[in-house]
Amino acid sequence: MLSPTKEPLKGSIKIPGDKSISHRSIILASLAKGTTKISNFLNGEDCLRTIEAFREMGVTIDIDQQEVEVQSLGVNELKEPLVPLNFGNSGTTARLMLGLLAGLPFFTTVYGDQYLSKRPMSRVVDPVQQMNGQFYGRQQNNLFPMGIVGSKLTGIHYELPVKSAQVKSAILLAGLLAEGKTTVVESTQTRNHTENMLRAFGADIQIHQNEITITNRKPLTAQQIIVPGDISSAAFFIVAGLIVPGSSITLEKVGLNETRTGLLDVIDQMGATYSINHIHTVAGEKYGDITVEYSQLHGIEIKGDMIPRLIDEIPIIALLATQAKGETVISDAGELRVKETDRIAAVEDVLTSLGATLQTFDDGMVIKGEQDLVGGSIKSYHDHRIAMMGSIASLITKNGVEIDSTDSIQISYPNFFEHLNQVKGEESTES
Ligand code: S3P
């Protein structure tokens, strides 16, 4: 049982490394000849799946807490894995690796857990098939498990029909192995970590407005990488600080890439008191310390181009909205239905179980403000962001929150409860 807090939240937290950037650092380091050193790597379950996949392809990867060293002979020396690759719960591993494996000269089989096995892969399979990729999966090559017969790919000009950085990245990685030029056009900008990192590793990549073009002309060279803190993880403590009266918390070295900071724009519009200090940029990625204070907020509308900039934060924004004055309306967020779980349904179930009222619709929800949360038992749907949202909600409930399982939190924030107890001023006792 997670109990409500009696005290304001105080202190400073070192947010773990960004999940998206950690995945990409392993992928590009494995394709580059030489030794890449990665600091502040997210040592969580999803990123470890990406590491395992490359180890099976012959790359030497050593991990010591958050420090990783990748020694690779380069993309041309990757070996055919002898065993099926297990991507666990990781959608990012799955989508990005499909693009890459399609262009490597060997046969691979891939699978995931029961949740990943329900998530659509045709969004990557379709465009990469147009590049000559060969996939064999359940439901007309849409679902895992899947076999991939590596082949010679050819470049493509592709307008993204879904606002997805995973799809964009998969095509760019396929493009890195393909003959000729590959151009991806996006109508709304999604997170651009793949582009930033490809450039840092020396790839032939050009970006003109919303068009990204890549070729196979330049080999990647090994780099030193510092992974900023994950704003999607910081989000839970940003909201905690805003909703617990009297709180003031600082989240250190959080990634501030503008394709990811929709949450900061949202809290700004809602009237939050916060500041950002010690801003630095490394390899095209900005980061800094965020301090939030408890604030009286008001509801707003969140939609359109803003959505990809905060897609993973919507569950915790929904909790925030229950405490603001007036209604918050979230729309254009249908992608939430195909995340680790259907996050629109999960948010509705969790907040309702805790005593709140909200309406959901196909691509969003309307959340009433100034609601008292009673607390109670909730299901996490084995979704890390739902489990963390429920845990943060416990702070402001009358009776506390019982979660069926919090194991999924290992996916993106292994020391979440340590940090939660730290800001509560309690001894660390793992929930
Ligand atoms: C991610 C992109 C987003 C996000 C996911 C990580 C990435 O997914 O929700 O958690 O690292 O590229 P989509 O590309 O499906 O929107």
Side-chain angles (χ1 to χ4, degrees), residues 16-28 41-42 44-47 49-50 87-100 112 115-116 118-128 142 158 160-174 184 186-198 212 227-228 230-236 255 257 259-263 285 305-317 330 332-344 346-347 363 383-389 408-409 411-413:
D18 187 277
K19 182 154 79 69
S20 295
I21 297 177
S22 295
H23 280 297
R24 286 154 173 84
S25 68
I26 297 300
I27 296 174
L28 297 196
F41 180 79
L42 172 63
E45 275 174 14
D46 272 15
C47 297
R49 297 294 180 177
T50 300
F87 295 157
N89 190 252
S90 180
T92 304
T93 311
R95 268 65 175 264
L96 271 58
M97 292 302 288
L98 285 183
L100 192 70
Y115 307 97
L116 187 62
K118 293 196 191 102
R119 297 183 66 184
M121 298 297 150
S122 56
R123 50 184 57 202
V124 171
V125 165
D126 291 350
V128 180
N142 183 32
Y158 191 69
L160 282 180
V162 274
K163 298 178 174 94
S164 164
Q166 292 178 352
V167 177
K168 171 177 66 175
S169 303
I171 300 169
L172 291 175
L173 291 172
V184 184
E186 49 181 3
S187 58
T188 301
Q189 193 176 22
T190 61
R191 65 190 68 193
N192 61 359
H193 307 301
T194 305
E195 299 90 299
N196 286 344
M197 205 179 282
L198 278 165
I212 308 143
V227 181
D230 197 328
I231 192 164
S232 299
S233 298
F236 296 98
N257 177 318
T259 63
R260 297 285 299 284
T261 50
L263 173 68
E285 297 286 349
D305 290 358
M306 178 69 98
I307 297 296
R309 297 180 57 232
L310 47 66
I311 187 75
D312 291 339
E313 287 65 83
I314 291 178
I316 192 70
I317 289 174
I330 301 172
D332 303 322
E335 275 293 302
L336 289 176
R337 299 247 181 229
V338 290
K339 293 294 175 190
E340 284 81 335
T341 187
D342 174 343
R343 284 188 176 154
I344 294 180
V347 164
D363 69 348
D383 182 321
H384 52 136
R385 302 204 196 279
I386 299 297
M388 287 189 274
M389 184 270 266
S408 59
I409 295 176
I411 284 169
S412 64
Y413 203 152

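As the structure lists them, so they are numbered: ligands from 1, and atoms in each ligand from 1.
For atom 14 (O) of ligand 1, the nearest protein heavy atom (residue, atom name, distance) is Ser164 OG, 2.7 Å. The closest protein non-hydrogen atom to atom 1 (C) of ligand 1 is Gln166 NE2, 3.6 Å.
Here's the thing with Ser169: none of its N/O atoms is less than 3.5 angstrom from an N/O atom of ligand 1. Looking at ligand 1, you'll find an N or O of Ser20 within less than 3.5 Å of one of its N or O atoms.
Judged by distance alone, the side chain of Ser22 and the main-chain N or O of Leu42 form a donor-acceptor pair under 3.5 Å.
Only one option out of Thr194, Asn196, Thr50 pairs with Arg24 in a side chain to side chain donor-acceptor pair (under 3.5 Å); it is Thr194. Among Arg123, Arg343, Lys163, the single residue meeting the salt bridge (charged side-chain N to carboxylate O under 4.0 Å, His left out) criterion with Glu335 is Arg123.
In summary, Lys19 and Asp46 engage in a salt bridge, as defined by a charged side-chain N under 4.0 Å from a carboxylate O. Salt bridge present: Asp18 and Arg260 bring a charged side-chain N and a carboxylate O closer than 4.0 Å.
Taking only non-hydrogen atoms, the option from His23, Arg24, Lys163 nearest to atom 12 (O) of ligand 1 is Arg24. Comparing heavy-atom distances from atom 8 (O) of ligand 1 across Arg95, Glu335, Lys339 singles out Lys339 as nearest.
Close approach to Ala165 involves these atoms of ligand 1, each under 4.0 Å from a residue heavy atom: 12 (O), 14 (O). For ligand 1, the atoms closer than 4.0 angstrom to any heavy atom of Asp312 are 4 (C), 5 (C), 9 (O), 10 (O).
A side-chain donor from one of Arg191 and Ser20 sits under 3.5 Å from a side-chain acceptor of the other.
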